[in-house]
Trainee: 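Right, I'll just put the structure down here and ask away after.
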Amino acid sequence: MLHLALESRLQAAVTALYPGIVVDSIRVRPASDSKFGDYQSNALMALARERKVNPRQLATDVVARMDVTDWCEPVEIAGPGFLNFRLRPGALESVLQAALVGEHLFFSVTAPELRRTVVIDYSSPNVAKPMHVGHIRSTILGESLSRVLRLLGHRVISDNHIGDWGTQFGMLLLGWKTMLDAAALDADPIGELERIYKRVNIGCKEQPETLERARAELVKLQAGDEENLKIWREMIRLSQVQFDTIYGRLGVRFDHTLGESFYNPWLPEVVSRLLELGIARESEGAVAVFSDGTLPQKEDPFLISRDGEWVANPALIRKSDGAFNYATTDLATLDYRLRTWSPSEIIYVTDGRQQLHFRQVFQAFHRWQPQAATAVRLTHAWFGSILGEDGKPFKTRSGDTVKLADLLDEAEERALRVVLEKRPDLDSVAQREVARKIGLGAVKYQDLLPNRQSDYVFSWDKMLALTGNTAVYVQYQCTRAGKVVRDAGVLPAAWTSGPALCLQEPSELALARHLLSFGLSLEAVGDECRPNLLCNYLYELASLYSRFYDSCPVLKAAEPARTTRLALCELTARVLRQGLDCLGIEAPESM
RNA sequence: GCACGGGUAGCUCAAUUGGAUAGAGCGUCGGCCUCCGAAGCCGAAGGUUGUGGGUUCGACCCCCGCCCCGUGCACCA
């Protein structure tokens with residue numbers, strides 16, 4: 001908010017001094033310490049180095065060309081060239097006042113001409129397999145990015161690229177035909193599908209003829225066999241029921257669910273085009289994309305060093321048996337998305353093990369459609385692997401995976417135990433509802449809080465923690481703030497009629513200053529695909545509110561403090577609620 | 001071997017384009033409900049940011065070397 005106003009003044013002043021210079025990196029940020037004022041800029045020191053001039057002199061020259069007297073006291077130049085901005089009395093209050101009447105909530109909605117169309121690809125579970133804890137990160141991260149970008153005014157298209165095609169269906173079809181337990185399928189469809197898959201998988205390893213039969217079923221499916229197609233569709237339907245149940249609980253919604261199978265019709269064309277263009281060629285019976293030598297060896301995803309020599313590291317787009325694979329589908333998907341939605345950005349939210357794959361896909365696409373590729377920003381927002389409590393990789397095939405539904409159940413149960421203890425006065429329906437919001441919030445927050453690139457050590461206790469830097473803390477402060485406003489009854493007319501706020505106490509000022517930075521954290525989340533920045537912001541805000549609440553009586557205070565503090569409660573509640581919503585977390589009215 | 005991450009307090013993690021005295025939670029120790037919700041607040045202890053150099057007014061961050069951990073590297077997705 002205010003930092004943007006100051007920033008544009010500063011940029012204008014720099015431009016006045018150096019016409020034509022790129023000022024994007026000239027930033028104004030909240031002061032690192034309130035003793036330096038409200039806002040600061042460090043950018044002139046970097047600029048001075050670049051221009052080889054004295055930084056203090058540059059700061060003096062820039063400040064002389066900058067007029068911020070409507071908002072600030074005279075700008076102070078500190079140390080080697082920091083600019084410190086100290087707001088004039090009333091400046092913060094006027095921003096709060098505007099927020100109270102609904103002019104903004106401390107962030108700016110992107111101007112229409114700057115709005116982006118962003119496709120976000122996340123979750124992507126596999127058909128016929130239970131969603132496990134490994135799916136949560138992509139789902140929660142993607143959903144949060146989607147919500148933040150939408151709030152900022154961008155056009156977001158969320159697409160669930162489910163795994164509904166591939167070699168596993170040979171085994172599933174064989175199992176379905178030879179060992180399906182109809183009653184079990186009825187009672188627990190995914191459990192039964194998982195069972196037959198595992199049984200056939202073992203059979204394939206032990207008996208070559210079983211493997212052959214599974215392959216034969218797959219070939220029939222791919223050739224369009226009616227019976228197999230029917231079974232395949234039924235397996236997808238049963239899986240979608242499971243997905244929808246989980247997504248319903250998580251509050252996750254997709255605009256599209258275009259699985260891998262959707263792109264089948266285009267795969268032969270993708271391969272033949274890449275062959276024609278000389279991007280791909282045959283090798284050992286398969287078709288693969290190789291390096292074109294235009295990139296430095298270290299950056300080329302199609303080269304790898306082995307024993308001191310750079311050798312080919314191709315991406316296969318057609319196997320020697322004629323089947324297509326992952327890269328082929330992703331290229332077709334990319335092509336389809338660009339043709340269909342003309343996005344300015346596509347964000348893939350998957351685990352970090354797929355980094356090389358996406359670098360290859362992006363690079364291959366760039367060679368296939370250079371013009372289209374330069375018009376879109378392709379982002380692989382990857383996240384770290386999930387590890388077991390022992391720090392070793394959390395392998396899905398080991399059989400002891402934690403199912404997502406079980407995790408969510410456990411989260412709600414643990415939360416309910418606390419609610420029963422803290423709120424025996426509520427009826428059981430209300431208790432369950434609060435426990436649901438708290439339990440699910442805890443899981444989501446825990447998932448979003450760490451830097452996404454860090455590896456993830458799965459722990460029940462950590463995942464379901466209800467004290468400290470958790471969603472519960474933020475939810476709790478949010479309900480307290482909301483409660484004060486409700487208890488006030490009639491809201492002060494001054495909120496809508498004119499300047500009546502007056503911030504005085506340090507804890508009031510600190511809280512107000514932090515409210516103004518909401519937009520900064522939203523922008524950062526959108527730019528860097530890092531919802532943890534929003535978690536940090538909200539935790540800090542909740543913490544500042546708690547300190548304020550502890551030291552400043554609200555309802556019993558005399559005017560104008562009462563009106564001011566009530567306004568802080570109201571705005572804090574609004575920002576916390578909006579921020580939690582961006583994380584996909586619900587804020588209970590009371591808890 | 002090469003590439004991409006990571007290494008920060010006892011543990012789990014932050015640190016806003018290189019910025020001012022590296023911050024939280026958990027755990028430990030000690031305080032605070034006669035006062036709008038104690039799922040809370042205040043305080044203490046705890047650090048040579050893996051390691052050795054370099055760049056500069058200033059480095060957890062950038063550059064070079066080395067040591068650990070994870071992941072990936074041709075027909076799985």
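Just so we're on the same page: letters track the sequence lines, and every chain starts at 1.
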Trainee: Write down the distance between CG (A:N313) and C1' (B:G1), rounded to a whole number of angstrom.
Mentor: 13 Å
Trainee: Output the single nucleotide from B:G25, B:G37, B:C36 whose closest atom is nearest the side chain of A:S590.
Mentor: B:G37
Trainee: With a 4.0 Å limit, can you tell me whether A:K556 has a side-chain N or O closer than that to the phosphate oxygens OP1/OP2 of B:C36?
Mentor: no
Trainee: To the nearest angstrom, how far is A:W382 atom CH2 from B:G70 atom P?
Mentor: 16 Å
Trainee: Considering every strand and a 4.0 Å limit on heavy-atom distances, what is the contact class for A:N84: base, sugar-phosphate, or nothing?
Mentor: base
Trainee: For A:Q453, check side-chain contact (heavy atoms from CB on, under 4.5 Å) against everything at least two apart and list the hits.
Mentor: A:W382, A:N451
Trainee: If you look at every strand shown and take non-hydrogen atoms under 4.0 Å, does A:P553 touch a base, only sugar-phosphate, or nothing?
Mentor: base
Trainee: Just compare B:A20, B:A74, B:G37 and give me whichever is closest to any side-chain atom of A:S32.
Mentor: B:A20
Trainee: Could you name each residue pair satisfying ring pair (Phe, Tyr, Trp, His ring centres under 6.0 Å) that touches residues 522-541 of chain A, not counting sequence neighbours?
Mentor: A:Y473-A:Y539, A:H514-A:Y537, A:F518-A:Y537
Trainee: As a test of reading the structure: which of B:A74, B:A39, B:C4 is closest to the side chain of A:R423, going by heavy atoms?
Mentor: B:A39
Trainee: So, using side-chain contact (heavy atoms from CB on, under 4.5 Å) as the criterion, who are the partners of A:D121 when residues are at least two apart?
Mentor: A:S124, A:H161, A:R337, A:Y348
Trainee: B:G43 and B:U56: how far apart are their C1' atoms, nearest whole angstrom?
Mentor: 39 Å
Trainee: Give a yes or no on whether a donor-acceptor pair under 3.5 Å exists between the nucleobase atoms of B:A77, that is its base, and the side chain of A:D164.
Mentor: no
Trainee: How would you list, by chain and number, every residue that makes a side-chain contact (heavy atoms from CB on, under 4.5 Å) with A:R306, sequence neighbours excluded?
Mentor: A:I304, A:V311
Trainee: Measure from the side-chain heavy atoms of A:K483 and tell me the nearest of B:G37, B:U17, B:G1.
Mentor: B:G37
Trainee: State whether A:F290 and A:R281 meet the cation-pi test: NZ (Lys) or CZ (Arg) under 6.0 Å from the six-membered ring centroid, and within 45° of the perpendicular axis.
Mentor: yes
Trainee: Identify, with sequence neighbours excluded, every residue that meets side-chain contact (heavy atoms from CB on, under 4.5 Å) alongside A:P80.
Mentor: A:M45, A:F82
Trainee: What are the two closest non-hydrogen atoms of A:L583 and A:P531, and how far apart are they?
Mentor: CD2-O, 4.1 Å
Trainee: Taking the P atom in each of B:A22 and B:G50, what is the distance between them to the nearest angstrom?
Mentor: 15 Å
Trainee: Write out all pairs satisfying salt bridge (charged side-chain N to carboxylate O under 4.0 Å, His left out) with one or both partners inside residues 520-530 of chain A, taking only residues at least two apart or from two chains.
Mentor: A:E528-A:R530
Trainee: Could you tell me how far B:C35 sits from B:U21 if I compare only their C1' atoms? Round to whole Å.
Mentor: 36 Å
Trainee: Exactly one of A:W232, A:Y326, A:F262 should register a ring pair (Phe, Tyr, Trp, His ring centres under 6.0 Å) with A:W165. Which one does?
Mentor: A:W232
Trainee: As a test of reading the structure: which of B:A77, B:A3, B:U16 is closest to the side chain of A:E260, going by heavy atoms?
Mentor: B:A77
Trainee: Can you list the residues that meet the ring pair (Phe, Tyr, Trp, His ring centres under 6.0 Å) rule with A:Y39, with sequence neighbours excluded?
Mentor: none
Trainee: Polar pairs (N or O, both sides) under 3.5 Å between protein and nucleotides 40-46 of chain B?
Mentor:
residue: B:G40; atom: O3'; partner: A:S546; partner atom: OG; Å: 3.2
residue: B:G40; atom: O2'; partner: A:R480; partner atom: NH2; Å: 3.4
residue: B:G40; atom: O2'; partner: A:S546; partner atom: OG; Å: 3.1
residue: B:C41; atom: OP1; partner: A:Y473; partner atom: OH; Å: 2.5
residue: B:C41; atom: O2'; partner: A:D550; partner atom: OD2; Å: 2.8
residue: B:C42; atom: OP1; partner: A:R547; partner atom: NE; Å: 3.1

Trainee: Let me know which of A:V485, A:L544, A:L511 forms a side-chain contact (heavy atoms from CB on, under 4.5 Å) with A:T572.
Mentor: A:L511
Trainee: Considering only nitrogen or oxygen atoms on both sides, find all protein atoms under 3.5 Å from nucleotides 57-63 of chain B and state each distance.
Mentor:
none

Trainee: Can you find an N or O donor on one side and an acceptor on the other, under 3.5 Å apart, linking the side chain of A:S283 with the base of B:A74?
Mentor: yes
Trainee: Where the side chain of A:K35 is concerned, which of B:A77, B:A3, B:U21 is the nearest nucleotide?
Mentor: B:U21
Trainee: Closest to the A:V418 side chain: B:G6, B:A14, B:A39?
Mentor: B:A39
Trainee: Heavy atoms from C-beta onward define the side chain here; which of B:A74, B:C2, B:G5 lies closest to that of A:W310?
Mentor: B:C2
Trainee: Does A:K462 have a side-chain nitrogen or oxygen under 4.0 Å from the phosphate oxygens OP1 or OP2 of B:U12?
Mentor: no
Trainee: Which salt bridge (charged side-chain N to carboxylate O under 4.0 Å, His left out) pairs, counting each pair once, include a residue from residues 443-456 of chain A, with sequence neighbours left out?
Mentor: none
Trainee: Using whole Å, report how far CG of A:D33 lies from C1' of B:U16.
Mentor: 15 Å
Trainee: So, do A:Y549 and B:C36 meet the stacking rule of ring centres under 5.5 Å and planes under 30°?
Mentor: yes
Trainee: Quick one: classify the glycosidic conformation of B:C35 as syn or anti, with syn meaning within 90° of 0.
Mentor: anti
Trainee: Treating a pair as Watson-Crick (purine N1 to pyrimidine N3 plus N6-O4 or O6-N4) or G-U wobble (N1-O2 and O6-N3) with both distances under 3.5 Å, list the stems of 3 or more consecutive pairs that involve RNA chain B.
Mentor: B:1-7 with B:67-73, B:10-13 with B:23-26, B:28-32 with B:40-44, B:50-54 with B:62-66
Trainee: Examine B:A14: is either OP1 or OP2 under 4.0 Å from a nitrogen or oxygen in the side chain of A:S454? Give yes or no.
Mentor: yes
Trainee: Sorted by first residue and then second, give each salt bridge (charged side-chain N to carboxylate O under 4.0 Å, His left out) pair with at least one member in residues 540-557 of chain A; sequence neighbours left out.
Mentor: none
Trainee: Which of the following nucleotides, B:G1, B:G6, B:A39, is nearest to the side chain of A:I304?
Mentor: B:G1
Trainee: Between A:Y549 and A:R480, is there a cation-pi geometry (under 6.0 Å to ring centre, at most 45° from the normal)?
Mentor: yes
Trainee: Please state how far atom CZ in A:R359 lies from atom C1' in B:C2, giving the value in whole angstrom units.
Mentor: 11 Å
Trainee: When you measure from the side chain of A:R353, which nucleotide among B:G72, B:C13, B:G5 comes out closest?
Mentor: B:G72
Trainee: Does A:R417 place a side-chain N or O at less than 4.0 Å from the phosphate oxygens OP1/OP2 of B:A39?
Mentor: no
